[in-house]
Amino acid sequence: IEVDATTFAKQNFDFIVCGGGTAGTALAVRLSEISSFKVGVIEGGKYHKDDLKILTPQGINFADVWNNPEYDWMFKTTPQRNLAGRSIDIVRGKGLGGSSMVNLMGFLRAGKVEYDQIGQLGNPGARKLFTGARNHWLNPGWSWNEITPYFMKAENASLPTKNETEEIHAGYDPAIRGHKGPIQTSVTSWFSEAIPPFFDVLVGMGMQADRDFNDGTDANFVWPPILAIDPDTETRSYAANSYYEPNAKRKNLVVLLQSQVLKVELSAKKDKNGNLRATGVTYQDMITNKTYTASVKKDVIVSGGGIQSPQMLELSGIGNKTLLESFGIKSRIDLPDIGENYQDHLISFQSFEVPNTMETWDILYDPEKNASAYEEYMQNHTGVYTAGVSVISYMSLNKVVDAATLKNWTAELDREFFARNPSPGRRLQYAIQRKRLDPHSNEASIEYYAAPSNAYADTREPNKSYMQIACIPSHQFSRGSIHVKSGNPLDHPGIDLNTFDFTIDKRIMLAGTRLGHNLTDKMPLKQIVVNDVKPPAHTDTDDEWNEFIAQTASTPFHPCCTNSMLPRELGGVVNPRLVVYGTSNLRVADVSILPMILGTHLMATAYAIGERAADFIKEDYGVLH
Ligand SMILES: Cc1cc2nc3c(=O)[nH]c(=O)nc-3n(C[C@H](O)[C@H](O)[C@H](O)COP(=O)(O)OP(=O)(O)OC[C@H]3O[C@@H](n4cnc5c(N)ncnc54)[C@H](O)[C@@H]3O)c2cc1C
């Protein structure tokens, strides 16, 4: 049920979830399955119920949603010196459902190896891994085998029929997909003719297809991805309409909207184990600007996402003591790694003109064609308005550059890395990440996806058709940081991506973007590319390509790892049960707990984290059997 700010403060909550986003909504709904648990959710935005801007899958539509304060927190990075001094937009969904409400709906898992690495980075055995001792599961509960059931629990897949599958050269395996979960998934039902040639070029380069990519495979695959689209209505299935809505009448699930968490309240004294206890949450009603405190009997769970979860902890006095005190925030727990280890992907788009006889999303910029496509969608749930991303591929680095180059890059990286006297925690991540530079590695290093439209509004011309190729290096070595810039909870935090801090990140982006371009010289893609649009055809030297990247690269909006699940002495913020160090009952559940970014988009993992956290909590309170 939804209540107002005053009523919310009077409830006797067992749990309060700070942020009703992707993971937070999933977690709160699962906790409320236990009728004796009273669960509160505080969400900063509205519930954009039945809003067609959200529900319609067509990606071009999102231009009205991203950078619109109704739906987006509108964060920007600090000026990035290696991106021509630009500040990059970081879109974050504002509203019940969080970023699952505004994203491109890819419902993807990374490969087995990547989730197993999260397990290996854990506590307390990571120290053994670091010193070279035998490897075993160290973040209990976080290996591929343990997380897979939670991907399945979140999903209800409608897989393409065999005929459809043959047409799109793809395989989907019912045995590894969920069939009873709340998130409805399917494959886009509208394909542009501009896309199959891209698919064929990748197959020609040795990428596998015809199998379900989410079977644990990490790379060297091309696939029409599963998307969070309900195929019956051809609408977005997201945390608010799929987890919350069917359970909205539960009296023990109490949702407060348009209210911003200002801080988590902590006990004045430590318990016998030396931990502080979260006793409640202070929040501001953003309509009346009044503040309230709601109290909690069991746990507070922070689920504000990769950017706002570290901010909420810092505002509560948990973080780097010196930094917090410089802004007049009283330090309660000195945890200097909050907000550090910030990772995201970078993305570079290239646009190409294709024959205008090919139907692409660009037809929607023609008012007449747009009107008739929209009518078709509203009447029949068909046509270009149903379209989502239709092809995605991950490659290992050895497909992009030769072994000698990889050897040189590794030597340069080692020199740069060790010259910085890295902490033990960074060294541990480095040891795992560096393996991707091995010429024999089969792990994901670069993602490509294609979409049938021009990525750049400034080069779009009427009555022309385009396709774009996006290149996304999967794991950067650089680490950024996110910290409060003042003691005012309503100020945005400082978000520094620290782009290309390590030269190798720039080299991989350059090589990947060049390869993305070279794909269009291969048949059958060559046959359909009429013109290079952006960058223009004369882009040639490394300097020119680097300049293009510096002027245009952005992120696919995957900020994470800012409250890493690692041993405390290795830079950790939460333990494997997601409890914040130095507290007994304050947890974090969202993608900020990942210790290293995954070579995939993060929504399905965010749901799995919410589901996982719910079971940990149920287990800890003796109600999961
Ligand atoms: C534009 C875009 C496109 C993307 N495309 C894809 C894709 O196609 N596939 C994919 O897998 N991933 C995609 N992602 C990434 C994916 O959506 C996110 O990684 C994932 O949803 C993050 O989940 P989360 O629970 O960590 O955070 P969120 O879902 O962002 O939830 C955080 C919630 O906390 C609320 N909140 C924050 N601070 C406060 C506060 N102080 N008080 C109250 N409430 C607060 C927010 O309003 C929000 O609801 C995309 C993301 C974006 C933004």
Side-chain angles (χ1 to χ4, degrees), residues 1-51 54-55 70-71 93-101 153-154 181-184 235-262 264-265 278-304 312 587 589-590 607 610-611 613-614 617-618 621 623:
I1 53 170
E2 285 157 45
V3 300
D4 63 29
T6 315
T7 313
F8 193 89
K10 290 183 188 148
Q11 311 283 314
N12 207 3
F13 287 117
D14 292 295
F15 301 97
I16 296 182
V17 180
C18 304
T22 315
T25 305
L27 163 69
V29 168
R30 291 300 187 194
L31 287 179
S32 71
E33 289 169 347
I34 307 297
S35 56
S36 60
F37 283 174
K38 185 145 204 177
V39 184
V41 178
I42 304 174
E43 166 52 40
K46 297 178 180 169
Y47 179 9
H48 298 280
K49 194 175 171 175
D50 300 331
D51 184 337
I54 298 297
L55 295 178
E70 272 285 289
Y71 305 92
K94 182 178 186 180
L96 198 64
S99 298
S100 72
M101 171 186 80
K153 198 170 178 192
I183 300 297
Q184 310 299 316
T235 51
R236 175 192 299 269
S237 172
Y238 72 113
N241 67 357
S242 299
Y243 270 95
Y244 174 66
E245 189 58 37
N247 301 298
K249 293 211 169 84
R250 279 185 193 161
K251 292 231 163 44
N252 66 333
L253 175 60
V254 184
V255 173
L256 174 64
L257 299 167
Q258 291 184 276
S259 293
Q260 197 164 326
V261 171
L262 306 182
V264 177
E265 299 296 337
T279 57
V281 177
T282 295
Y283 56 91
Q284 178 168 334
D285 177 330
M286 299 311 287
I287 315 283
T288 63
N289 289 331
K290 283 192 185 155
T291 60
Y292 303 81
T293 299
S295 61
V296 80
K297 287 187 291 185
K298 293 189 169 73
D299 292 11
V300 171
I301 305 108
V302 168
S303 290
M312 279 190 242
R587 304 192 198 228
D590 56 35
Y607 284 125
E611 292 275 7
I617 294 170
K618 287 176 180 175
Y621 287 97
V623 294

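Computed over heavy atoms, backbone and side chain alike; hydrogens, waters and symmetry mates excluded. For this chain, numbers begin at 1 and follow the sequence in order.
Relative to the ring axis of Tyr621, Lys298 places its NZ or CZ within 45° and under 6.0 Å from the centre.
In this structure, Asn247 CG and Asn252 CG are separated by 9.5 Å, a value rounded to the nearest 0.5 Å. Atom CD of residue Glu245 and atom CG of residue Asp50 lie 7.5 Å apart, to the nearest 0.5 angstrom. Residue Arg236 holds its CZ atom at 10.5 Å from CD1 of Ile183, rounded to the nearest 0.5 Å. Separation of atoms CD1 (Ile16) and CG (Leu256) is listed at 9.5 Å; rounding is to 0.5 Å. Summarising the geometry, atom CZ belonging to Phe13 is positioned 7.5 Å from atom CD1 belonging to Ile42; distances are rounded to the nearest 0.5 Å.
In this pair, Tyr607 and Tyr243 present their aromatic rings parallel. The plane angle is below 30°, not in the 30 to 60° band.
Residue Met101 is tested with Leu55, Ile54, Thr25, Asn241 for a side chain to side chain contact (heavy atoms under 4.5 Å, CB included); the sole match is Ile54.
At least one side-chain heavy atom of Lys618 sits under 4.5 Å from a side-chain heavy atom of Arg30. Leu31 has its side chain out of reach of Asp14: every pair of non-hydrogen atoms, C-beta onward, lies at least 4.5 Å apart. Counting only heavy atoms from C-beta outward, the side chains of Tyr244 and Glu2 approach each other to under 4.5 Å.
Annotation for Leu96 and Tyr238: closest pair O-CE1, 3.4 Å, computed over non-hydrogen atoms. Of all the heavy atoms in Ala278 and Val300, the pair that sits closest is CB-CG2, 3.8 Å. Taking every heavy atom of both residues into account, Cys18 and Val261 meet most closely at CB-CG2, 3.7 Å. Residue Leu27 comes nearest to Ser303 through the heavy atom pair CD2-OG, 4.3 Å, listed as atom of the first residue, atom of the second, then distance. Across Ser32 and Arg250, no two heavy atoms sit closer than the pair OG-NH1, 2.8 Å. Contact between Lys251 and Val254 at its shortest, heavy atoms only, is O-CG2, 3.7 Å.
Here the side chain of Glu43 pairs a donor or acceptor atom with the backbone of Gly95 at under 3.5 angstrom. Within the 3.5 Å criterion, the main-chain N or O of Gly93 finds a donor-acceptor partner in the side chain of Ser99.
The local environment of NZ in Lys290 is sparse, with at most 12 non-hydrogen atoms from other residues, nucleotides or ligands closer than 6.0 Å.
Asp51 pairs by the salt bridge (charged side-chain N to carboxylate O under 4.0 Å, His left out) definition with nothing, not counting sequence neighbours. Lys46 meets the salt bridge (charged side-chain N to carboxylate O under 4.0 Å, His left out) test with Glu70; sequence neighbours excluded. The salt bridge (charged side-chain N to carboxylate O under 4.0 Å, His left out) test applied to Arg587 returns Asp299, Asp620, not counting sequence neighbours.
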Handout entry: From CA spacing to verdict: side chain to side chain contact (heavy atoms under 4.5 Å, CB included), Leu253, Val29
Key = CA-CA 7 Å; Leu253 175 60; Val29 168; 4.0 Å; yes
Problem - Working for side chain to side chain donor-acceptor pair (under 3.5 Å), residues Asp285 and Gln258 - result: CA-CA 6 Å; Asp285 177 330; Gln258 291 184 276; over 6 Å; no
Practice task
Starting from the C-alpha separation in whole Å, work towards a yes-or-no answer on side chain to side chain contact (heavy atoms under 4.5 Å, CB included) for Met312 and Val264.
Solution key: CA-CA 7 Å; Met312 279 190 242; Val264 177; 5.6 Å; no
